[in-house]
Amino acid sequence: MADLKPRTTTTTTTTEISFFETFLCSAFAACFAEFCTIPLDVAKVRLQLQKKTVTEENGVNIPKYRGLLGTLATIAREEKLSAFWKGITAGLHRQFIYGGLRIGLYNPVKTFLVGADYVGDIPLIYKIIAALLTGALAIIVANPTDLVKVRLQAEGKLPAGVPGRYSGAINAYVTIVRQEGLGALWTGLGPNIARNAIINAAELASYDQVKETIMQIPGFHDSVFTHLLAGLGAGFFAVCIGSPIDVVKSRMMGDSTYKSTLDCFIKTLKNEGILAFYKGFLPNFGRLGSWNVVMFLTLEQLCTLPTEMLILFCFVRFPITAQESFH
């Protein structure tokens, strides 16, 4: 994320936004973007979890899910519209923790790397390193929420008549700990750290850099249109760089038959080819592109609110609770 704009006071002075305020802004913006775009994430996960052979029709192997629109139509037809918000509670848990930490820590870490007295535009390499570090740290804390979200989204691929394993997010946390142990909540942590660190670097550093570059073009300034363009650029870079890791992460979390990250990578490559790592590329880009636009647009506006209004807005208008709204 680009440097947050200082909050203007009623006098001629300005005050820098605090870490707590940045965390609240980031957490709310990430949760709002998650709620708006999670149907695309469900489609992406289904495509990534899909094996090469699913059904047979006249001797030809036909996959159940084909393309973004085909996947969305199949899910809506077979599971109803509520299926698109499976895992939304865990998704909001994840974004509140992960989104708040990775974005909230980005500017402090970036400043630490270059020094508090540094003047001028921060070099891209420091932006990338800062985003890698904050992405890795945030997902270590938030991995259980990511695991539960993927498990809930994968429920829809169970055969007809087979009951789901979990009734909702909270039930999933309890069931996983009871049946698989506490450590199971950090299943897939390795690829998840790699995936989120890399994607975080692609998103935050590219948004930071693209926004900075656009604002140097005559006629452009720190506006909603600039935020929109920078958000789309961040989403595109994130998908191009992180898609292979994202596929491995989804399969590791959704299918317990893989022994390790390397085993998952090798089996996927051997059985399905290199293109398998870009399964769900279009829905992934649709998801991340729109997610980044919504998140950064919301974040940039929230950061201009006074502290009292920000707290009221985040916890009254969009509370993060354990309510099982969709299951």
Side-chain angles (χ1 to χ4, degrees), residues 1 22-46 68 71-72 75-76 79-104 138-139 142-156 166-173 196 199-200 203-204 207 224 227-228 231-232 234-235 238-239 246 250 280 283-303 305 310-327:
M1 179 193 63
T22 306
F23 179 88
L24 285 183
C25 291
S26 306
F28 177 84
C31 286
F32 183 66
E34 182 78 5
F35 185 83
C36 292
T37 63
I38 199 169
L40 295 174
D41 192 49
V42 172
K44 178 206 75 172
V45 170
R46 296 290 180 84
L68 173 59
T71 302
L72 291 172
I75 294 172
E79 306 171 46
K80 300 181 181 179
L81 292 177
S82 60
F84 289 123
W85 278 270
K86 277 188 175 179
I88 183 62
T89 303
L92 295 180
H93 292 167
R94 177 188 186 273
Q95 290 301 340
F96 189 81
I97 298 171
Y98 176 67
L101 287 175
R102 75 182 179 105
I103 300 172
I139 201 57
N143 195 81
T145 62
D146 210 13
L147 174 74
V148 168
K149 187 185 81 166
V150 171
R151 291 277 184 97
L152 289 173
Q153 289 176 340
E155 291 278 84
Y166 316 113
S167 61
I170 301 302
N171 176 258
Y173 289 117
N196 283 279
I199 289 183
N200 194 52
E203 283 182 355
L204 300 192
Y207 181 85
V224 170
H227 303 158
L228 188 151
L232 282 174
V239 176
D246 194 37
S250 291
N284 203 8
F285 174 64
R287 152 76 165 171
L288 275 181
S290 58
W291 192 96
N292 276 278
V293 168
V294 174
M295 194 278 290
F296 282 117
L297 283 176
T298 305
L299 176 61
E300 295 276 10
Q301 299 308 309
L302 285 175
C303 289
L305 295 177
L310 173 63
I311 295 174
L312 181 67
F313 188 85
C314 289
F315 289 102
V316 175
R317 292 291 302 276
F318 207 85
I320 303 301
T321 69
Q323 180 181 359
E324 302 296 318
S325 301
F326 299 94
H327 56 78

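Computed from a predicted structure; not experimentally measured.
When each of Thr71, Ile88, Ile75 is paired with Val42, the side chain to side chain contact (heavy atoms under 4.5 Å, CB included) condition holds for Ile75 and for no other.
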Margin query: Checking Thr37 against Met295 for the side chain to side chain contact (heavy atoms under 4.5 Å, CB included) test, could you report, in this order, the C-alpha distance in whole Å, the side-chain angles of both residues, the deciding distance, and whether it holds?
Written below: CA-CA 10 Å; Thr37 63; Met295 194 278 290; over 6 Å; no
Margin query: Determine whether Thr145 and Gln95 satisfy the following criterion, side chain to side chain contact (heavy atoms under 4.5 Å, CB included), listing intermediate values before the conclusion.
Written below: CA-CA 9 Å; Thr145 62; Gln95 290 301 340; over 6 Å; no
Item checked: Audit row: Leu204, Phe296, side chain to side chain contact (heavy atoms under 4.5 Å, CB included) steps and yes/no -> CA-CA 10 Å; Leu204 300 192; Phe296 282 117; 3.9 Å; yes
Next item on the list: Tell me, with the steps shown, if Asn292 and Tyr207 meet side chain to side chain contact (heavy atoms under 4.5 Å, CB included).
Entry: CA-CA 9 Å; Asn292 276 278; Tyr207 181 85; over 6 Å; no
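A distance of 10.0 Å separates CD1 of Ile103 from OG1 of Thr22, quoted to the nearest 0.5 Å. Put simply, CG on Leu152 and CG on Leu147 are 9.5 Å apart, with the number rounded to the nearest 0.5 Å. With values rounded to the nearest 0.5 angstrom, Ile170 atom CD1 is found 5.0 Å from His93 atom NE2.
Taking each heavy atom of Glu203 and Ala234 in turn, the nearest pair found is O-CB, 3.4 Å. What you find for Tyr166 and Arg151 is that their closest heavy atoms are OH-NH1, 2.8 Å. Taking each heavy atom of Ser26 and Gly100 in turn, the nearest pair found is CB-CA, 3.9 Å. Across every non-hydrogen atom of Leu72 and Pro39, the tightest pair is CD2-O, 3.8 Å. When all heavy atoms are compared, the tightest approach of Lys149 to Gly91 is CD-CA, 3.6 Å. Looking at every heavy atom in both residues, Ala29 comes nearest to Leu302 through N-CD1, 4.2 Å.
Note: Phe35 and Trp85 have tilted aromatic rings, judged against thresholds of 30 and 60 degrees for the angle between ring planes.
Taking 4.5 Å as the limit, every side-chain heavy atom of Pro144 sits out of range of all side-chain heavy atoms of Val148. Counting heavy atoms from C-beta on, the side chains of Ile38 and Phe84 never come closer than 4.5 Å.
Taking Tyr173 as the reference, nothing meets the ring pair (Phe, Tyr, Trp, His ring centres under 6.0 Å) condition, with sequence neighbours excluded. Applying the side-chain contact (heavy atoms from CB on, under 4.5 Å) criterion to Ile139, with sequence neighbours excluded, gives Arg94, Tyr98, Ala142, Asp146, Asn192, Ile193, Asn196.
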